[in-house]
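Okay, so here's the structure we're looking at.
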Number of protein chains: 2
Amino acid sequence: MKSRVSAYDVARKAGVSQSTVSRVLNNFPHIKEGTKKKVLAAIEELGFTRDEIARSLAEKKTRTIGLIIGDITNPFFAESAGVIMGKAAELEYDVIICNTNHQDDNLEKSIKMLIGKRVDGIIIAAVNRYSKKIKELYEAQFPVVLYNSSIEGNHANFIVLDNEKGAYIAVKHLVELGHRNIAYISGPSKFLTLHQRDIGYKKALGEYGIPYNQRLIYDREFSYREIYQFAYKLLCSKDKPTSFFVTSDQMALAILDAAANHNLEVPKDVSVIGFDDINISSNQYIGLTTISQKKETMASLALEKLLLLIEGKGSISMPIQVVLEPKLIIRKTTGRAN
Amino acid sequence: MKSRVSAYDVARKAGVSQSTVSRVLNNFPHIKEGTKKKVLAAIEELGFTRDEIARSLAEKKTRTIGLIIGDITNPFFAESAGVIMGKAAELEYDVIICNTNHQDDNLEKSIKMLIGKRVDGIIIAAVNRYSKKIKELYEAQFPVVLYNSSIEGNHANFIVLDNEKGAYIAVKHLVELGHRNIAYISGPSKFLTLHQRDIGYKKALGEYGIPYNQRLIYDREFSYREIYQFAYKLLCSKDKPTSFFVTSDQMALAILDAAANHNLEVPKDVSVIGFDDINISSNQYIGLTTISQKKETMASLALEKLLLLIEGKGSISMPIQVVLEPKLIIRKTTGRAN
DNA sequence: TAATTAATTGAATCCGCATTCAATATAACA
DNA sequence: TGTTATATTGAATGCGGATTCAATTAATTA
């Protein structure tokens with residue numbers, strides 16, 4: 001590759017100093033029209049593009065944010081990332097995405113990497129509620145906004161849904177359809193959002209006098225295969241559930257998969273309600289009943305708040321914490337219990 | 001935010017020079033064990049992390065690659081990105097993803113941005129076959145690998161499927177099921193992959209003596225809504241197609257959506273075959289028949305080849321061009337025409 | 001033991017741009 | 001017309017590491 005052309009090259013060609021080139025690049029006032037024109041011409045002729053790395057080093061900001069997600073393969077994350085990237089692009093920010101595959105050590109690794117890359121701030125969409133690291137960053141006043149997740153204590157900025165309520169209305173919906181045998185498919189409760197949904201699930205059961213049955217609960221790692229198998233086995237059992245409340249649409253699809261392989265009809269034989277409202281859920285071929293997480297709102301808010309923090313408009317004593325309302329979206333995967 | 005600690009700080013604390021710190025950081029040989037230990041201790045104590053921006057500037061490489069995709073919301077891209085990011089992470093490379101929303105000017109903008117950020121190379125997964133820019137980059141020997149796309153002429157490195165054949169076997173599958181009224185849902189033929197599929201579609205029709213009918217063709221912009229409406233209208237028409245060949249699973253889902261809203265049964269009333277084999281297609285609740293694009297293989301290859309180019313193991317006279325075999329995967333959305 | 005060779009380490013530079021400091025040239029003002 | 005404020009630039013320096021050059025010291029070899 002031919003070596004790049006630098007601002008010095010431009011300066012030489014235009015017969016000015018590098019400082020001047022820098023000035024026209026940054027649109028400073030007080031540049032003689034003729035000078036500016038010469039520089040612009042040289043830039044054009046040489047095909048110069050500013051080295052953002054050098055600029056970042058000099059300016060101490062990178063105009064880049066980090067986005068840590070659990071799994072880009074899960075449409076909830078992909079779609080959220082899409083919104084964030086779109087907004088970021090409008091604001092001339094670039095984003096580096098990291099996939100943790102929901103593993104704590106990957107989270108730490110990603111954070112370290114992003115900090116090494118000197119990103120201006122980070123949006124984290126999947127964090128263990130006991131994470132020390134997040135609290136540390138918060139205390140060091142490094143701009144971080146948690147997206148659809150949070151940690152114990154009050155040491156973080158976050159945008160979340162009222163997860164307890166979301167779970168509650170989901171289960172309530174099933175109960176009102178006559179279901180009493182409600183499986184609950186979630187994930188590790190080390191994720192605060194899930195922990196809160198556990199509470200909502202239990203609360204709804206309690207309110208309707210339905211006993212909590214560990215047999216119907218999945219709360220291990222996120223794994224399509226494992227969840228699929230768990231559901232498959234459950235559907236083989238003699239006292240099989242008539243419905244499933246699943247804490248993500250992605251996993252709800254796994255339940256539908258298992259049901260289909262059992263030749264069970266949805267919702268006649270089994271009802272399924274998810275959580276997230278990913279794009280495909282509204283596809284009427286699927287029509288997944290779910291709890292909506294307004295991704296556009298959440299994602300925009302997250303980015304907006306992060307930028308505020310980056311600009312220094314934040315205070316440790318006053319974390320940014322937004323809790324949105326969940327909404328039940330009834331489609332065709334839930335129906336009366338038979 | 002408290003100011004960062006630099007290698008100088010570490011050096012001072014350890015009582016050595018910054019050069020030495022740099023050396024232990026980079027694991028140079030010939031460092032006295034004691035010195036190394038002192039430095040490491042200082043690093044630990046100060047919580048130092050190297051400034052990758054500064055390192056990039058000095059080294060003239062960023063250990064970062066760019067990935068330009070058409071739409072992160074389309075699982076084909078998201079899943080491909082997942083594979084690439086995973087592999088990249090293993091090799092200690094970071095990736096900056098750009099979404100073009102399939103717009104040419106966004107492609108140019110993204111490339112410019114990535115080059116500004118001095119990425120070591122770029123994988124591009126959505127490019128207009130007439131793109132001048134790609135050719136320029138190729139000629140300037142900037143490391144670029146096209147993923148699932150290519151351009152006219154021979155001036156690019158790419159990993160693609162045999163798209164013509166893919167389309168051909170898809171249509172053949174439908175014809176063999178008795179379909180003669182086959183709608184073809186694609187996108188702008190300015191994408192070479194799609195153009196090739198057009199050819200495959202026509203070739204199969206021709207071979208079976210089925211007339212090409214413009215009324216059954218969608219070849220405008222990618223838009224879920226538009227495609228949905230096109231299919232919906234087509235399904236209303238009196239001489240409606242008995243089957244659809246769609247050039248992406250994502251869009252095939254839109255057809256299923258439209259069919260469902262028409263209360264049409266799949267595959268009894270209408271057959272649908274997609275292209276890509278995204279994860280959800282194998283979900284038996286959906287069971288989309290499709291043409292497989294081995295994402296893992298393609299993505300791994302793309303990254304692998306890109307790294308080769310980055311390491312300077314490439315030559316302009318010998319572009320890297322890999323063409324993979326498509327494979328028909330029959331599931332439940334295709335059946336005999338009635 | 002003297003001559004080499006290898007091991008260690010620091011000083012100085014460079015990467016490419018932003019920015020401060022100071023100088024020069026103009027324009028506005030008393 | 002002498003001053004003072006304003007417009008325009010360039011030289012020099014810094015950002016935080018990597019690396020080259022040279023110096024110093026320890027290990028080997030003749």
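In what follows, every chain begins at residue 1, and chains take the letters A, B, ... in the order their sequences are listed.
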For this session: List in numerical order all residues of residues 43-59 of chain A for which some heavy atom is under 4.0 Å away from an atom belonging to DNA chain D.
Result: A:Leu57, A:Ala58

For this session: Begin with the C-alpha distance, continue with both residues' side-chain angles, and end with the deciding distance and a verdict on side-chain contact (heavy atoms from CB on, under 4.5 Å) for A:Leu301 and A:Glu304.
Result: CA-CA 5 Å; A:Leu301 267 172; A:Glu304 198 177 290; 4.2 Å; yes

For this session: Would you mind classifying the nucleic acid contact of A:Ser6 as base, sugar-phosphate or nothing, using non-hydrogen atoms under 4.0 angstrom?
Result: sugar-phosphate

Problem set entry | Length of the line joining B:Leu25:CG and D:dG16:C1', which is rounded to integer Å | 11 Å

Problem set entry | DNA chain C: 5'-most and 3'-most nucleotides touching chain B, 4.0 angstrom heavy-atom criterion | C:dA7 to C:dG16

Problem set entry | Whether A:Asp71 side chain and A:Thr73 backbone form a donor-acceptor pair below 3.5 Å | yes

Exercise. Can you tell me if A:Asp120 uses its side chain to pair, donor with acceptor, with the backbone of A:Ile65 under 3.5 Å?
Worked result: no

Exercise. Within this structure, what is the CG-to-P distance between B:Asn27 and D:dG17, rounded to whole angstrom?
Worked result: 17 Å

For this session: Round to a whole Å and report the spacing from CD of B:Gln18 to C1' of D:dG14.
Result: 14 Å

Exercise. How many Å lie between CG on B:Asn26 and C1' on D:dT19, as a whole number?
Worked result: 10 Å

Exercise. Rounding to a whole Å, what distance do you find between B:Asp9:CG and D:dG17:C1'?
Worked result: 13 Å

For this session: Could you tell me the separation between the CZ atom of B:Phe28 and the C1' atom of D:dT20, rounded to a whole number of Å?
Result: 11 Å

For this session: For A:Val16, answer base if it contacts any base atom (sugar-phosphate contacts may also be present), sugar-phosphate if it contacts only those atoms, and nothing otherwise; contact means non-hydrogen atoms under 4.0 Å.
Result: sugar-phosphate

Exercise. When the ring planes of A:His102 and A:Phe222 are compared, do they come out parallel, tilted or perpendicular, using 30° and 60° as the limits?
Worked result: tilted

Problem set entry | Rounded distance (nearest 0.5 Å) linking atom NZ of B:Lys294 with atom CD1 of B:Ile159 | 12.5 Å

For this session: Kindly assign one of parallel, tilted or perpendicular to the pair B:Tyr147 and B:Phe76, based on the angle between their ring planes and the thresholds 30° and 60°.
Result: parallel

Seminar exercise, completed: DNA chain C nearest-nucleotide lookup for B:Lys60 and B:Pro29: closer to the 5′ end is B:Pro29

For this session: First locate atom OG1 of B:Thr62, then atom CG of B:Leu57, and finally report the distance between them rounded to the nearest 0.5 Å.
Result: 11.5 Å

Exercise. Do the side chain of A:Asp51 and the main chain of A:Ile53 share a donor and acceptor less than 3.5 angstrom apart?
Worked result: yes

Seminar exercise, completed: In this structure, CG of A:Asp105 is separated from CG of A:Leu107 (nearest 0.5 Å) by 9.0 Å

Problem set entry | Minimal non-hydrogen separation, A:Leu146 against A:Ala156, with atom names | CD1-CB, 3.8 Å

Exercise. Can you check the B:Arg23 CZ to D:dG16 C1' distance for me, whole Å?
Worked result: 16 Å

Problem set entry | Axial bend angle, the helix from C:dT1-D:dA30 to C:dA30-D:dT1: five-pair end segments, nearest 10° | 40°

Exercise. Say you draw a straight line from CD1 of B:Ile151 to OG of B:Ser131; how long is it, rounded to the nearest 0.5 Å?
Worked result: 6.5 Å

For this session: Check every strand shown and say whether A:Ser19 touches a base, only sugar-phosphate, or nothing at a heavy-atom separation below 4.0 Å.
Result: base

Exercise. Closest heavy-atom contact between A:Thr100 and A:Ser110?
Worked result: CG2-OG, 4.4 Å

For this session: Could you tell me whether B:Thr20 contacts a base, only the sugar-phosphate backbone, or nothing, with contacts defined as non-hydrogen atoms closer than 4.0 Å?
Result: sugar-phosphate

